[in-house]
Amino acid sequence: MRDAFNAQLDEMHRLLIHMGELCETVIDNTYQALMKEDRESAAEIIEKDGEIDQVERDIEGICLKLLLRQQPVASDLRRVSSALKMITDMERIGDQAADIAEIIKTGNLKAPAEALGMGKMAKATMKMVRDSIDSFVKDDLDLAKQVIESDDVVDGQFEQIRHMLAEGLVNKSATQEQVLDLLMIAKYYERIGDHATNIAEWVVYSITGVHKSAELTERKEQE
């Protein structure tokens, strides 16, 4: 019975890694499409979102089998339930990459995006996604906490871009349409960072049995 459980758990890990790699790819592709003004690549990103959705369903199916057939103990139950929460955030990462691609398909944004240094933000969110999945597969609590701390960096990058866009609008160095499109793209990258943080928080829960929301509730009750 335990051998069957471990085999399904290994398959769940394999698919989580694959889903994480797909998320990384679409994030990277959004920036590449933005820099090359490649509308065809943008359309492919939107199609890739469907592949991410399918992997989510595959992982969900394995998790349900583990819960219903294998009768997992408490630590295993936390691991499987955490994976179910994580894939929801990963699916939303795919959605937001597709939203960025939709903007790229209609905009002319290369020059202002390059000036904003938006590539740093895209790379930072990619690393957060990669590290959050790695921390789960490797049971690496320190790495999960590093991801959570990285969210402040991405938030700071968003605020910097927002400020630069406001100045660009005032100085007429970018059109109003470009400012709005680039602000939306930056916001989507920030949300991707938020989802990676959510994933890392579920990793912490799977290892320790304590989720951040529970910690906050306990603090409020003590105050």
Pairs under 3.5 angstrom only: tabulate donor-acceptor contacts from the side chains of residues 198-205 to other protein residues two or more places apart or in another chain.
| residue | atom | partner | partner atom | Å |
| --- | --- | --- | --- | --- |
| N198 | ND2 | D89 | OD1 | 3.1 |

Value for CE (M12) from CG (L84), rounded to nearest 0.5 Å, stands at 8.5 Å
Assess whether side chain to side chain contact (heavy atoms under 4.5 Å, CB included) is satisfied between I87 and M19, documenting all intermediate values.
CA-CA 8 Å; I87 59 175; M19 191 174 182; 4.0 Å; yes
In this structure, CG of L116 is separated from CD of Q178 (nearest 0.5 Å) by 10.0 Å
Does any non-hydrogen side-chain atom of M118 lie less than 4.5 Å from one of I161?
yes
NZ of K48 to OG1 of T25, rounded to nearest 0.5 Å, is 6.5 Å
message: Are D140 and D134 packed together at the side-chain level, in the sense that at least one heavy-atom pair is separated by less than 4.5 angstrom?
response: no
Check your understanding: Taking atom NZ of K187 as the centre, does the number of heavy atoms from other residues, nucleotides or ligands within less than 6.0 Å exceed 12?
Key -> yes
For L34 and A113, the nearest pair of non-hydrogen atoms, with its separation, is CD2-CB, 3.6 Å
Nearest heavy-atom approach of P112 to L182 is CB-CD1, 3.5 Å
Worksheet item: Under the side chain to side chain donor-acceptor pair (under 3.5 Å) criterion, do R79 and H13 qualify, and how do the steps go?
Response: CA-CA 11 Å; R79 192 159 191 80; H13 287 165; 3.3 Å; yes
Heavy-atom nearest pair, M128 first then A196, reads CB-CB, 3.7 Å
Shortest non-hydrogen pair, T125 vs Y189, comes out as CG2-O, 3.2 Å
Full working for side chain to side chain contact (heavy atoms under 4.5 Å, CB included) between D49 and V26: CA-CA 8 Å; D49 183 40; V26 292; over 6 Å; no
S132 and V129 have their tightest heavy-atom pair at OG-O, 2.7 Å
inquiry  = Looking at R130 and E24, is any side-chain nitrogen of the basic one under 4.0 Å from a carboxylate oxygen of the acidic one?
reply    = yes
**Message:** Is there a continuous path of hydrophobic side-chain contacts, each under 4.5 Å between heavy atoms, that joins I104 to I46?
**Reply:** no
Output for pair (L180 CG, T175 OG1), nearest 0.5 Å, gives 8.5 Å
Please walk me through it: do Q32 and S41 pass side chain to side chain contact (heavy atoms under 4.5 Å, CB included)?
CA-CA 9 Å; Q32 297 302 324; S41 292; over 6 Å; no
CD1 (I133) and CG (L143) are apart, to the nearest 0.5 Å, by 10.5 Å
Any side-chain heavy atom of L16 within less than 4.5 Å of one from M90? yes
Rounded to the nearest 0.5 Å, the OG atom of S81 sits from the NZ atom of K85 at a distance of 8.0 Å
- For the pair E37 and L109, evaluate side chain to side chain contact (heavy atoms under 4.5 Å, CB included) and give the outcome as yes or no after the intermediate values. CA-CA 7 Å; E37 297 181 334; L109 307 169; over 6 Å; no
*asked:* Taking the basic N atoms (NZ, or NE/NH1/NH2) and the acidic carboxylate oxygens, is any pair closer than 4.0 Å for R14 and E11?
replied: yes
*Check whether any side-chain heavy atom of E51 sits under 4.5 Å from a side-chain heavy atom of H18, and report yes or no.*
yes
Would you list the atom pairs, donor with acceptor, under 3.5 Å between side chains in residues 95-103 and any protein atom, with sequence neighbours excluded?
| residue | atom | partner | partner atom | Å |
| --- | --- | --- | --- | --- |
| Q96 | NE2 | H195 | NE2 | 3.4 |

For residues 150-160, dump all side-chain donor-acceptor pairs below 3.5 Å to protein atoms at least two apart in sequence or in another chain.
| residue | atom | partner | partner atom | Å |
| --- | --- | --- | --- | --- |
| S150 | OG | Q146 | O | 2.9 |
| E159 | OE1 | R162 | NE | 3.2 |
| E159 | OE1 | R162 | NH2 | 2.6 |

Closest non-hydrogen contact found for V137 with I17 is CG2-CG1, 3.9 Å
| said: Regarding T30 and Y188, do their side chains bring together a donor and an acceptor under 3.5 Å, going by distance alone? | reply: no
